[in-house]
Amino acid sequence: MAENRLSRELEARTQQERPKQWAPAELLPEPDKQPGFAYRWIRISTLDKADPRNLSSKLREGWEPVKVSEQPKFQLLIDPNSRFKDNVEIGGLVLCKTPKELVDQRNKYFENQTQAQTTAIDNSFMRESDSRMPLFAERKSSTSFGKG
């Protein structure tokens with residue numbers, strides 16, 4: 001019986017792979033990110049109608065279009081009739097990048113704006129308070145599950 005067996009080294013073990021599942025293609029592929037930069041797709045047209053106002057405002061904010069040479073995987077996705085020949089444009093959107101410091105400064109600016117508006121609303125609300133029936137603004141919430 002031992003003579004009928006094959007040695008373990010001679011056995012070919014094929015790994016069972018799970019069958020691949022179909023998934024829809026990404027509408028906007030993820031770029032290869034360079035350290036220190038943030039990436040964003042910026043609208044340049046809608047329904048084939050140019051949107052220069054949006055693009056110019058983003059350029060003034062510090063976003064700059066990404067060259068195809070920086071993202072070679074997008075080489076085949078480029079529209080030959082694009083206004084931005086050397087840049088990555090897909091479906092009316094152009095890929096742009098900016099230093100992360102500018103993104104952090106922008107986020108801090110809007111955080112301060114939100115805080116100032118919240119404070120102004122609270123002050124206006126508390127002005128309506130009466131000592132006989134005081135108002136209070138509680139900014140804490142809790143969630144409980146079940147009974148009790």
Side-chain angles (χ1 to χ4, degrees), residues 5-129 134-148:
R5 288 209 231 164
L6 292 174
S7 147
R8 275 198 158 315
E9 291 91 27
L10 297 177
E11 287 182 21
R13 290 190 174 196
T14 57
Q15 186 177 12
Q16 295 288 333
E17 282 190 29
R18 198 180 292 186
K20 297 200 186 265
Q21 296 291 323
W22 179 87
E26 295 176 319
L27 293 178
L28 291 174
E30 191 68 24
D32 296 330
K33 299 189 177 175
Q34 296 173 350
F37 286 97
Y39 290 84
R40 181 175 178 182
W41 291 96
I42 294 179
R43 184 183 71 246
I44 57 172
S45 66
T46 303
L47 299 173
D48 291 332
K49 184 176 181 201
D51 189 0
R53 176 186 279 175
N54 185 58
L55 179 62
S56 66
S57 70
K58 300 306 176 197
L59 293 176
R60 288 191 310 265
E61 286 179 13
W63 292 94
E64 60 185 57
V66 174
K67 301 276 186 204
V68 176
S69 59
E70 295 176 36
Q71 297 286 332
K73 73 178 187 180
F74 292 117
Q75 189 73 39
L76 296 175
L77 302 174
I78 303 304
D79 181 12
N81 302 325
S82 172
R83 293 181 299 155
F84 300 91
K85 297 273 185 223
D86 296 335
N87 302 104
V88 179
E89 179 191 351
I90 298 175
L93 301 170
V94 67
L95 181 64
C96 293
K97 69 178 181 178
T98 192
K100 284 195 179 197
E101 295 83 32
L102 287 179
V103 174
D104 294 338
Q105 291 171 9
R106 178 185 178 276
N107 291 343
K108 186 69 174 164
Y109 170 80
F110 283 111
E111 186 178 308
N112 291 339
Q113 291 286 98
T114 302
Q115 184 61 40
Q117 290 174 355
T118 303
T119 302
I121 290 171
D122 286 347
N123 291 340
S124 177
F125 175 70
M126 294 308 285
R127 211 175 344 177
E128 303 296 324
S129 182
L135 299 173
F136 63 94
E138 189 173 331
R139 294 239 177 260
K140 193 169 35 170
S141 65
S142 64
T143 305
S144 61
F145 297 96
K147 296 179 181 174

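Predicted model, so just to flag it, every value in this text is computed and none were measured.
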Straight-line distance of T98 OG1 to Q105 CD, nearest 0.5 Å = 9.5 Å
In Å, rounded to the nearest 0.5 Å, how long is the span from CG of N107 to CG of N112?
-> 11.0 Å
Could you state the interatomic distance from CD (Q34) to NZ (K100), rounded to the nearest 0.5 Å?
-> 11.5 Å
Evaluate the side-chain proximity of N87 to K67: yes if any heavy-atom separation is below 4.5 Å, no if none is.
-> yes
Measure the CD-CZ distance between E101 and F37 for me, rounded to the nearest 0.5 Å.
-> 8.5 Å
Would you call Y39 and Q71 a side-chain contact if the rule is heavy atoms closer than 4.5 Å?
-> yes
L102 versus E61, closest heavy-atom pair with distance = CD1-O, 4.3 Å
Find the distance between OG1 (T114) and CD (Q117) and round it off to the nearest 0.5 Å.
-> 6.0 Å
Residues 29-38 vs salt bridge (charged side-chain N to carboxylate O under 4.0 Å, His left out), sequence neighbours excluded, gives E30-K33, D32-K73
Could you tell me whether the side chain of L55 reaches within less than 4.5 Å of the side chain of S45, counting heavy atoms only?
-> no
Can you tell me how far CD1 of I42 sits from CD of E64, rounded to the nearest 0.5 angstrom?
-> 10.5 Å
